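As the structure is a prediction and not an experimental result, all values here were calculated from the model. Side-chain atoms are counted along with the backbone in the values below, which use heavy atoms only and exclude waters and symmetry mates.
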Amino acid sequence: MTLWEAVAVLLAGFAGGALNTAVGSGTLVTFPVLLATGLPPVTATVSNALGLIPGSLSGAFAYRRELAGQRPLLVPLCVSAAAGGLVGAGLLMVLPPGVFATVVPVLVGLALLLIALQPLLTRALRGRLTRPGGGLPLRIGLGLASVYGGYFSAGQGILYVALSGALLDAPLQRINALKNVLVAQVNAVAAGFFLIAADIDWPAALLIAAGATAGAPFGARAAQRLRPVALRVLILTVGTAGLLHMTLS
């Protein structure tokens with residue numbers, strides 16, 4: 001890796017950490033940059049997952065005020081997310097590259113639709129599917145989303161926000177805080193698997209980690225200042241750009 005490539009990876013890590021904390025989809029910034037340095041796709045994926053862990057933890061810490069009182073909810077959801085992330089990491093190792101290429105845009109597109117309609121869905125489902133803890137539908141949904149997160153992770157946070165927003169009766173900022181913890185959980189589980197079973201480019205992973213750790217608090221501060229409508233618009237804008245990138249690339 002040349003000096004300029006290292007600088008590009010570091011800056012991509014900063015942007016990815018900020019985006020992940022604020023809205024999700026930071027991998028859509030970091031992953032193409034890692035590929036541009038010459039890393040193979042699987043090596044870039046696992047190095048990216050490992051590198052983003054410190055940024056996810058930094059983002060979760062920055063949202064600690066919104067996480068207050070959510071521990072009873074977090075524990076069962078983290079168990080579901082961890083199980084899904086482990087399955088997804090295993091699939092990355094055994095399935096041919098590109099297996100999920102056709103379903104990923106569909107999943108992200110559906111998630112964006114759910115986020116756009118979340119206020120209407122919450123009102124329609126209140127007293128039917130919504131529960132203080134989300135219930136079994138949320139645990140199953142987040143578990144399945146975490147399979148995708150362990151496999152690739154681009155748009156993972158948007159899936160979490162969409163599912164939680166539809167099935168939890170909670171403000172968007174608290175849902176965003178919950179998302180950051182779940183992303184950190186899945187990345188950590190997947191990275192633990194990759195440490196044993198995959199090749200990791202450590203310089204790339206460390207540069208992503210340094211940039212993401214610095215960028216995550218910046219993203220959190222920006223997102224916490226936004227009104228729920230503005231935050232939803234930002235998520236939809238970034239998600240749509242990511243969806244177009246995945247569809248056209």
Between the main-chain N or O of [Y] and the side-chain N or O of [X], is there a donor-acceptor pair closer than 3.5 Å?
X      : Y      : value
Gln224 : Ala62  : yes
Asn176 : Ala22  : yes
Arg64  : Ala177 : no
Lys179 : Gln156 : no

Cluster overlap [X] with [Y], hydrophobic side-chain contacts below 4.5 Å:
X      : Y      : answer
Leu34  : Phe14  : no
Ile208 : Val29  : no
Val189 : Val46  : yes
Trp202 : Val42  : yes
Leu91  : Phe194 : yes

Between [X] and [Y], which heavy-atom pair has the shortest distance, and what is it?
X      : Y      : result
Leu178 : Ser164 : CD2-OG, 4.0 Å
Leu19  : Gly26  : CB-CA, 4.0 Å
Leu67  : Ala60  : CD1-O, 3.5 Å
Phe31  : Ala44  : CE1-CB, 3.8 Å
Val183 : Ser56  : CG1-OG, 3.7 Å
Ile53  : Ala191 : CD1-CB, 3.4 Å

Test log, rule side chain to side chain contact (heavy atoms under 4.5 Å, CB included), inputs Leu182 and Ser146: CA-CA 9 Å; Leu182 294 175; Ser146 298; over 6 Å; no
Only pairs at least two apart or in different chains count here, so list each side-chain hydrogen bond (donor to acceptor under 3.5 Å, both in side chains) that has a residue in residues 33-55.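 Those involving residues 33-55 are Thr27-Asn48, Thr30-Asn48.
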Partners passing side chain to side chain contact (heavy atoms under 4.5 Å, CB included) against Ser58 (at least two apart in sequence or in another chain):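 With sequence neighbours excluded, Ser58 shows a side chain to side chain contact (heavy atoms under 4.5 Å, CB included) to Thr213, Ala216, Pro217, given in chain and number order.
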Can you sort out the partners of Leu163 under side chain to side chain contact (heavy atoms under 4.5 Å, CB included), two or more places apart, ordered by chain and number?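 Side chain to side chain contact (heavy atoms under 4.5 Å, CB included) list for Leu163, sorted by chain: Leu138, Leu142, Ala145.
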Walk me through whether Val161 and Leu172 qualify under side chain to side chain contact (heavy atoms under 4.5 Å, CB included). CA-CA 8 Å; Val161 171; Leu172 186 57; 3.9 Å; yes
Looking at residues at least two apart in the chain, or sitting in another chain, which of them share a ring pair (Phe, Tyr, Trp, His ring centres under 6.0 Å) with Tyr63?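 Ring pair (Phe, Tyr, Trp, His ring centres under 6.0 Å) check on Tyr63 returns nothing, list empty.
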Report the residue from Val186, Leu74, Leu57, Leu77 that forms a side-chain contact (heavy atoms from CB on, under 4.5 Å) with Val181.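 Among Val186, Leu74, Leu57, Leu77, the one that satisfies the side-chain contact (heavy atoms from CB on, under 4.5 Å) with Val181 is Leu74.
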Without placing hydrogens or testing angles, list every side-chain donor-acceptor pair under 3.5 Å for residues 79-90, not counting sequence neighbours.
from, atom 1, to, atom 2, distance (Å)
Ser80, OG, Pro76, O, 3.4

Show your working on side chain to side chain contact (heavy atoms under 4.5 Å, CB included) between Leu159 and Tyr148 and close with a plain yes or no. CA-CA 10 Å; Leu159 289 172; Tyr148 165 66; 3.4 Å; yes
Could you go through the side chain to side chain contact (heavy atoms under 4.5 Å, CB included) check for Phe193 and Leu92 one step at a time? CA-CA 11 Å; Phe193 181 87; Leu92 181 65; over 6 Å; no
Donor-acceptor contacts, no H, no angles, side chain residues 1-13, under 3.5 Å, sequence neighbours left out:
from, atom 1, to, atom 2, distance (Å)
Thr2, OG1, Glu5, N, 3.2
Glu5, OE1, Thr2, N, 3.0

Taking the side chain as every heavy atom from C-beta outward, state whether Leu195 and Ile200 have any atom pair closer than 4.5 Å.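 When only atoms from C-beta onward are counted, Ile200 and Leu195 do touch, with a gap below 4.5 Å.
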